[in-house]
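Order of appearance sets the numbers: ligands from 1, and atoms from 1 within every ligand. Just so it is clear, the structure is predicted and the values come from calculations on it, not from any experiment. Numbers for residues simply follow the sequence, beginning at 1.
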Amino acid sequence: MADKACVLIVGTGFSGLGMAVRLKQAGVDFIVLERAGDLGGTWRDNHYPGCACDVQSHLYSFSFEPNPDWSRQFAPQPEIWAYLRKVASKYNILPHIRYNANVVNARFDESTSTWVVTTADGRTFQGQSLVWGGGALSNPFIPKTAGMETFEGEMFHSAVWRHDVDLRGKRVAVIGSGASAIQFVPQVAPKAAKVDYYQRTAPWVMPKPDFVRSDLSKKLFRSFPALQKLARGLTYAMLESRVLGFVVHPKIMNMLALVGVRHIKKYIKDPAKRKAVTPVFKPGCKRVLISNDYYAALARENVNIVTDGIAQITPKGVVTQDGQSREADVIIWGTGFSVQEMVPKGLFQGLKGADLCDVWSRKGGAEAYLGMTVSGFPNLFFMMGPNTGLGHSSMVYMIESQVQYALDAVLLMREKRLKHVDVKPEVQEGFVTRMQSKLKGTVWASGCKSWYLNDSGKNTTLWPGFTFIYRKATRTFRAADYAVKPGR
Ligand SMILES: Cc1cc2nc3c(=O)[nH]c(=O)nc-3n(C[C@H](O)[C@H](O)[C@H](O)COP(=O)(O)OP(=O)(O)OC[C@H]3O[C@@H](n4cnc5c(N)ncnc54)[C@H](O)[C@@H]3O)c2cc1C
């Protein structure tokens with residue numbers, strides 16, 4: 001017998017919990033399915049040393065649950081995870097969560113107009129709507145590398161950090177130079193005997209405007225919530241102005257390059273190292289990173305920057321394409337997440353048994369109306385879906401916009417007694433065409449290879465504009481954009 005609810009939610013990160021809170025407040029029944037044994041998504045899984053957000057915490061948090069007590073301007077992972085646990089408990093979401101529920105199939109049953117969801121352990125759940133908050137950065141990516149299974153030391157990905165592996169005095173190979181690596185390398189380098197840092201492309205890393213929040217500021221925010229709202233608003237406006245560089249006039253980003261180069265020069269004196277860490281693309285084309293200790297760590301004598309590609313892993317270490325072999329006791333993969341393989345085959349089956357993986361393959365990549373709904377897959381709402389990621393501000397802002405839209409749809413279906421809503425193909429197509437044409441002139445299309453683009457060069461990940469425009473577009477669910485099936 002399937003466990004039933006009006007709405008099934010997948011995931012317990014910001015998306016799943018945000019959706020759950022709003023449904024709870026609206027009096028709609030729901031079940032939350034989480035594949036892990038605890039809640040928290042990104043902030044449960046990524047506990048590598050140095051992990052913190054890179055958007056100011058007063059903005060990188062729910063608008064309905066301000067936290068006056070963030071210890072720093074950019075809070076570390078344990079605080080963000082604790083914040084999410086507090087939200088789940090305060091809004092009484094915990095009884096709705098089913099843990100160890102790894103969703104392996106979601107099938108739209110046309111006879112009942114419901115989603116029937118199956119988990120890896122054989123449980124089934126049924127709901128009129130399905131909200132997918134499975135995360136865009138939740139599946140660690142390790143590139144298939146010859147010989148990797150032969151390595152005799154310890155090897156792990158940054159998103160499944162092995163705290164039991166003592167790095168003191170060890171020869172550590174770090175592979176990858178993305179957002180996570182720039183946070184953990186400064187923590188690893190002082191402990192390790194030696195770090196070989198395998199960097200395919202040098203990222204732009206700007207100074208981080210981080211600081212400890214004083215007791216006085218916490219007290220003021222606690223006593224005068226309007227003050228905290230104001231601080232959040234100012235941060236929002238400041239970050240939003242970056243869209244001018246990313247989207248409107250990418251030439252502005254050249255100025256950022258000056259800041260980046262000065263940042264490198266401040267910490268790195270060795271000309272060869274300077275050259276190795278100086279990016280060769282426009283800032284913003286790949287994610288702009290922020291750190292105050294990254295370049296100082298790379299400048300250390302025990303850190304060796306390797307820019308040659310990796311040919312193979314051997315039992316003793318890493319061999320690069322120039323034939324050089326470097327021994328390692330530990331290999332840490334900082335190679336990010338499988339972003340472009342968002343939907344495996346067999347996971348979603350919509351009308352007439354269509355498989356979403358096939359549908360998106362035929363279209364040359366993931367696409368959805370407002371990044372949320374896909375024609376032929378009624379009552380399915382993606383959180384952080386295609387083209388709703390950001391390079392300039394808080395994803396929580398986007399997630400809250402999506403939650404509002406999905407909630408509005410659920411309430412409308414309830415009020416009008418609709419069986420299902422299915423976005424019209426021409427509406428979806430019009431949206432996607434507008435997105436892709438807007439993306440053409442942006443900094444992300446300025447010629448670098450990044451995880452924002454799929455293999456055919458299509459940007460399936462980013463929202464090309466101001467987030468308040470997205471919020472306006474998602475404020476209300478427009479039934480006219482959908483084919484509706486009445487008669488619930
Ligand atoms: C290290 C790191 C730092 C980041 N920092 C920032 C930042 O500073 N600012 C910012 O805006 N964004 C940041 N991000 C992006 C971040 O992912 C989003 O901001 C946000 O946390 C995503 O929330 P989510 O709930 O959509 O997904 P997630 O937090 O990834 O949660 C997804 C949940 O779904 C579960 N799940 C997945 N698949 C299934 C399945 N098949 N069945 C059941 N459960 C499933 C997962 O276990 C997980 O709990 C960061 C990401 C990472 C990895």
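Relative orientation of the Tyr91 and Phe64 rings is perpendicular, given thresholds of 30° and 60° on the angle between their planes.
What sits closest to atom 7 (C) of ligand 1 on the protein, heavy atoms only, is Asp54 OD1, 3.3 Å. Given atom 41 (N) of ligand 1, the protein heavy atom at minimum distance is Val103 O, 3.1 Å. From the protein, the heavy atom lying nearest to atom 15 (C) of ligand 1 is Leu137 CD1, 3.8 Å. When hydrogens are left out, the protein atom nearest atom 37 (C) of ligand 1 is Gly134 O, 3.2 Å; that is the closest non-hydrogen contact. For atom 24 (P) of ligand 1, the closest non-hydrogen atom of the protein is Ser15 OG, 3.4 Å. Looking at atom 27 (O) of ligand 1, its nearest protein heavy atom turns out to be Gly135 CA, 3.2 Å. Given atom 39 (C) of ligand 1, the protein heavy atom at minimum distance is Arg35 CD, 3.7 Å. With hydrogens left out, the protein atom closest to atom 1 (C) of ligand 1 is Tyr48 OH, 3.6 Å, a heavy atom.
Gln183 and Ser291 form no side-chain donor-acceptor contact under 3.5 Å, judged by distance and modelled atom types alone. Between the side chains of Thr373 and Tyr482, at least one donor N or O sits under 3.5 Å from an acceptor N or O. A donor-acceptor pair shorter than 3.5 Å cannot be found between the side chains of Tyr48 and Gln77. In this structure, a donor-acceptor pair under 3.5 Å is absent between the side chains of Arg475 and Gln404.
Close approach of ligand 1 to Cys53 is summarised as follows: ligand atoms under 4.0 Å from at least one heavy atom of the residue are 8 (O). Listed by number with element, the atoms of ligand 1 under 4.0 angstrom from any heavy atom of Gly11 are 33 (C), 34 (O), 35 (C). Near Asn46, with a cut-off below 4.0 Å to any heavy atom, the atoms of ligand 1 are 1 (C), 53 (C). Atoms of ligand 1 lying under 4.0 Å from at least one heavy atom of Asn102, given by number and element, are 40 (C), 41 (N), 42 (N). Each of the following atoms of ligand 1 lies closer than 4.0 Å to a heavy atom of Ser138: 30 (O). Residue Val55 approaches ligand 1 through these ligand atoms, each under 4.0 Å from one of its heavy atoms: 8 (O), 9 (N). Listed by atom number, the atoms of ligand 1 under 4.0 Å from Ala101 heavy atoms are 42 (N), 43 (C).
Residue contacts with ligand 1 for Val10 involve side-chain atoms from C-beta outward but no N, CA, C or O (heavy atoms, distance under 4.0 Å). When heavy-atom distances to ligand 1 are checked against a 4.0 Å cut-off, Ser393 comes that close only through its backbone atoms N, CA, C and O.
Heavy-atom distances between Arg44 and ligand 1 reach below 4.0 Å in at least one pair. Residue contacts with ligand 1: Glu34 is included, with a non-hydrogen atom under 4.0 Å away. Within the 4.0 Å heavy-atom cutoff, Phe184 does not count among the residues contacting ligand 1. The shortest heavy-atom distance from Ala136 to ligand 1 is not under 4.0 Å. Under a 4.0 Å heavy-atom criterion, Phe337 is in contact with ligand 1.
More than 12 heavy-atom neighbours from other residues, nucleotides or ligands sit within 6.0 angstrom of NZ on Lys24. Within 6.0 Å of atom CE in Met255, 12 or fewer heavy atoms from other residues, nucleotides or ligands are found, so the atom counts as exposed in its surroundings.
In this structure, Trp360 has its ring center under 6.0 Å from that of Phe382. A centroid separation of 6.0 Å or more is found between the aromatic rings of Tyr60 and Phe74. A ring-centre distance under 6.0 Å is not found for Phe348 and Phe377. The distance between the ring centers of Tyr294 and Tyr267 does not fall below 6.0 angstrom.
No donor-acceptor pair closer than 3.5 Å links the side chain of Ser113 to the backbone N or O of Gln128.
Looking at Gln402, Met384, His392, it is Met384 that brings a heavy atom closest to atom 22 (C) of ligand 1. Between the choices Tyr60, Trp43, Phe14, Tyr397, the shortest heavy-atom distance to atom 9 (N) of ligand 1 belongs to Tyr60. Selection from Thr42, Val117, Leu347, Leu390 by nearest heavy atom to atom 29 (O) of ligand 1 gives Thr42.
For Phe468, the ring pair (Phe, Tyr, Trp, His ring centres under 6.0 Å) criterion is met by Phe466, not counting sequence neighbours. The side-chain hydrogen bond (donor to acceptor under 3.5 Å, both in side chains) search around Asp210 returns Arg72, not counting sequence neighbours.
Residue Ser394 has no nitrogen or oxygen atom sitting less than 3.5 Å from a nitrogen or oxygen atom of ligand 1, judged on distance alone.
Each of Val432, Thr461, Asn459 was compared with Asn387 under the side-chain contact (heavy atoms from CB on, under 4.5 Å) criterion, and only Asn459 meets it.
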